[in-house]
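Everything below concerns the one structure shown next.
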Amino acid sequence: MTQEHQGGSRGWSAARKGVWSRLRFTSLRLRLVVVFGLVALTAAVSASGIAYWLNRESVLTRTQDAVLRDFEQEMRNRAGTLPERPTQDELQRTAGQMATSSQRFTVLLVAENPDGRTVYGSSGGLNGFSLKDVPASLREAVTERQEITSTNKYPHHLYWQRIVDDGTPYLVAGTRLIGGGPTGYMLKSLEPEAKDLNSLAWSLGIATGLALIGSALLAHAAATTVLKPVQRLGVAARRLGEGKLDTRLRVSGTDELADLSRTFNKAAEALEKRVADMAGRDEASRRFVADMSHELRTPLTAITAVTEVLEEELEFENGGFDPMIEPAVRLVVSETRRLNDLVENLMEVTRFDAGTARLVLDDVDIADQITACIDARAWLDAVDLDAERGIHARIDPRRLDVILANLIGNALKHGGSPVRVAVRVDDTDDTGDGNGDGDALVIEVRDHGPGIPEEVLPHVFDRFYKASASRPRSEGSGLGLSIALENAHIHGGEITAANSPEGGAVFTLRLPRDVSARDASEKTGDVGDEGAEGDA
């Protein structure tokens, strides 16, 4: 896959993640829309359900009442004219006449003929409405004789029931003529009313859906209105976190969000002022250290020249110094050298703090570079080197020399010899960040001393930190490891300190074998003075 395709895939993935982050349920906008939608859906469903139920009862009751009145009227006017024991033909003819009513229902008449046999007359013919189509409970209620009381004046009444047959609703009713005569049953299809109610249900469902969509749109508009200031506040907070301290919000209105914007602006203004004050004091402090270091170099140059002469005189036998003052002369020479190293270290630290330190890249053989560093400081007898020839890296050789001098010198001073320096190439990572993005040069410096106390490990790279408070006048300034770490960082590398399981301290330097072209273009240039050698 080409780099362009990879970039496109990453862009699409980032866009997809952005859309999903806006749609996930933790989004306040989505939650507002969902809540509005649920409220609207509940209200719409409730209103539609009530409306459907009321209309259903109204339609069915109106139809039912009209049909039952007409059936009762037909039973009284037509079936009531039949003899007490009619014939089959009379029942059939009367049932047909009753079916011609305006309600168009089907009629079934049941009676006993003059011979005492039960005969039936149906307006639907032989295969039409029959007694088996009438529910048993309704037949029992119709044929049962009621007791005559003050509240019940008739032994028989009109009974009805709604049934469903093959998905079609029907109204079934039955009654018996008072004083003797046929029993009548009626069957009326409610399919037209069912279709009307289905149409009503569809209309109410569509209305509910439209109400839900409308509520979602309104909720989205309301959420946009409410959340827009919050989004602006979030963007402003991110810009503020990125260091753009001049970020301010436009304030409009007098509501709570406007108060929040005003509070944010006041906080940003106070933060900008505080950071500006701190930056000014920091810059003044760095300038003071830099100026002081430069001013000290002039007298130090003269003092160093004098101390070198004094040191040469001390090397000759009977150099002419009074034995009483010879220790003082040696102390002056030692402290002058220490002061000179401290000034050089301070100047190097100042360059790192000011961001003016630059790399001068070159292709070097690491084994040759380490050998030169050890040889220049006469450490060959105290250091064991485990490095193959031919391991090359494009780095700044002077800064690598500063790092090695500090690490090896620190190991010799505080850990004891022999000090072992091992070099290897790790092809899983070039920066120690776990990304596995190229070859890494790994240099391990291990001593055979007592190791580093656990409480000291987190502070070994701190400036002016010394592990032992009992040696405040040691030769070291407490800046060596800090400078080594800064030189590793400017390469895009890292230094870690730990204790070896076999004993002694282990410092691990990881550097990329080739600084990228972008980094090289940003870091090219000479830095001038060489950093001082190591101390802890």
Side-chain angles (χ1 to χ4, degrees), residues 345 348-349 351-353 355-364 366-367 369-370 373 386-387 391-411 414-415 419-447 451-452 454-465 467 478-501 504-520 522-523 527 531-536:
N345 284 341
E348 187 76 359
V349 168
R351 282 190 284 268
F352 282 122
D353 289 345
T356 58
R358 296 291 182 268
L359 292 177
V360 181
L361 301 177
D362 194 10
D363 188 17
V364 299
I366 300 302
Q369 183 72 21
I370 298 177
C373 174
D386 179 11
I391 299 178
H392 290 264
R394 182 169 178 77
I395 55 178
D396 188 328
R398 187 191 69 80
R399 293 192 179 277
L400 178 61
D401 182 79
V402 172
I403 296 173
L404 294 172
N406 277 288
L407 296 182
I408 299 174
N410 184 76
H414 302 297
V419 172
R420 184 174 183 273
V421 181
V423 181
R424 61 184 173 87
V425 175
D426 187 352
D427 58 0
T428 59
D429 201 341
D430 68 348
T431 60
D433 58 4
N435 292 332
D437 46 4
D439 290 346
L441 176 67
V442 181
I443 302 176
E444 292 183 351
V445 179
R446 177 190 171 191
D447 60 52
I452 305 173
E454 293 297 328
E455 66 274 9
V456 175
L457 272 175
H459 306 286
V460 292
F461 295 106
D462 294 350
R463 294 177 182 178
F464 299 106
Y465 182 80
L479 290 174
L481 291 180
S482 174
I483 291 175
L485 183 63
E486 294 289 351
N487 278 297
H489 286 170
I490 201 173
H491 281 88
E494 186 60 73
I495 303 177
T496 57
N499 288 315
S500 173
V506 179
F507 286 83
T508 304
L509 168 67
R510 299 179 67 92
L511 294 177
R513 294 187 66 183
D514 188 4
V515 179
S516 65
R518 177 181 60 82
D519 291 339
E522 293 177 355
K523 300 176 182 178
V527 296
E533 295 175 7
D535 56 89

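Values reported hereafter were calculated over all heavy atoms of this structure, with side chains retained and with hydrogens, waters and symmetry mates removed.
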Atom pair CD1/CG of Ile490 and Leu359 - distance to nearest 0.5 Å: 4.5 Å
For a quick test of reading the model, state the closest non-hydrogen atom pair linking Asn499 to Ala505 and the distance between them. OD1-CA, 4.1 Å
Can you measure from CZ (Arg424) to CD1 (Ile366) and round to the nearest 0.5 angstrom? 14.0 Å
Exercise: identify the closest heavy-atom pair between Pro512 and Ile395: O-CG2, 3.9 Å
With a 4.5 Å cut-off on side-chain heavy atoms, are Glu494 and Leu485 touching? yes
Rounded to the nearest 0.5 Å, how far does CG of Leu509 lie from CG of Asn406? 11.5 Å
What closest approach, in Å, do Cys373 and Ala405 show between heavy atoms, and which atom pair accounts for it? SG-N, 3.8 Å
Hey, could you give me the CG/CZ distance between Leu511 and Arg394, rounded to the nearest 0.5 Å? 14.5 Å
Residues Val460 and Leu481: closest non-hydrogen pair is O-CD1, 3.4 Å
Mind listing the closest non-hydrogen atom pair of Ile483 and Val402 along with its distance? CG2-CG1, 4.1 Å
What one should report as the nearest heavy-atom pair of Val425 and Arg513 is CG1-NH1, 3.7 Å
Starting from the C-alpha separation in whole Å, work towards a yes-or-no answer on side chain to side chain contact (heavy atoms under 4.5 Å, CB included) for Val421 and Leu407. CA-CA 10 Å; Val421 181; Leu407 296 182; over 6 Å; no
Quick check: does any side chain N or O of Glu444 sit under 3.5 Å from a backbone N or O of Val506, one acting as donor and the other as acceptor? no
How long is the span from the CD1 atom in Ile370 to the CG atom in Leu400, to the nearest 0.5 Å? 7.0 Å
Any side-chain heavy atom of Val360 within less than 4.5 Å of one from Asp362? no
Test item: Ile495 and Ile403 side chains (from C-beta on) under 4.5 Å apart, heavy atoms: yes
So do Asn487 and Asp396 actually touch side chain to side chain, heavy atoms under 4.5 Å? no
Report the distance from atom CG of Asp447 to atom CG of Asn410, rounding to the nearest 0.5 Å. 8.0 Å
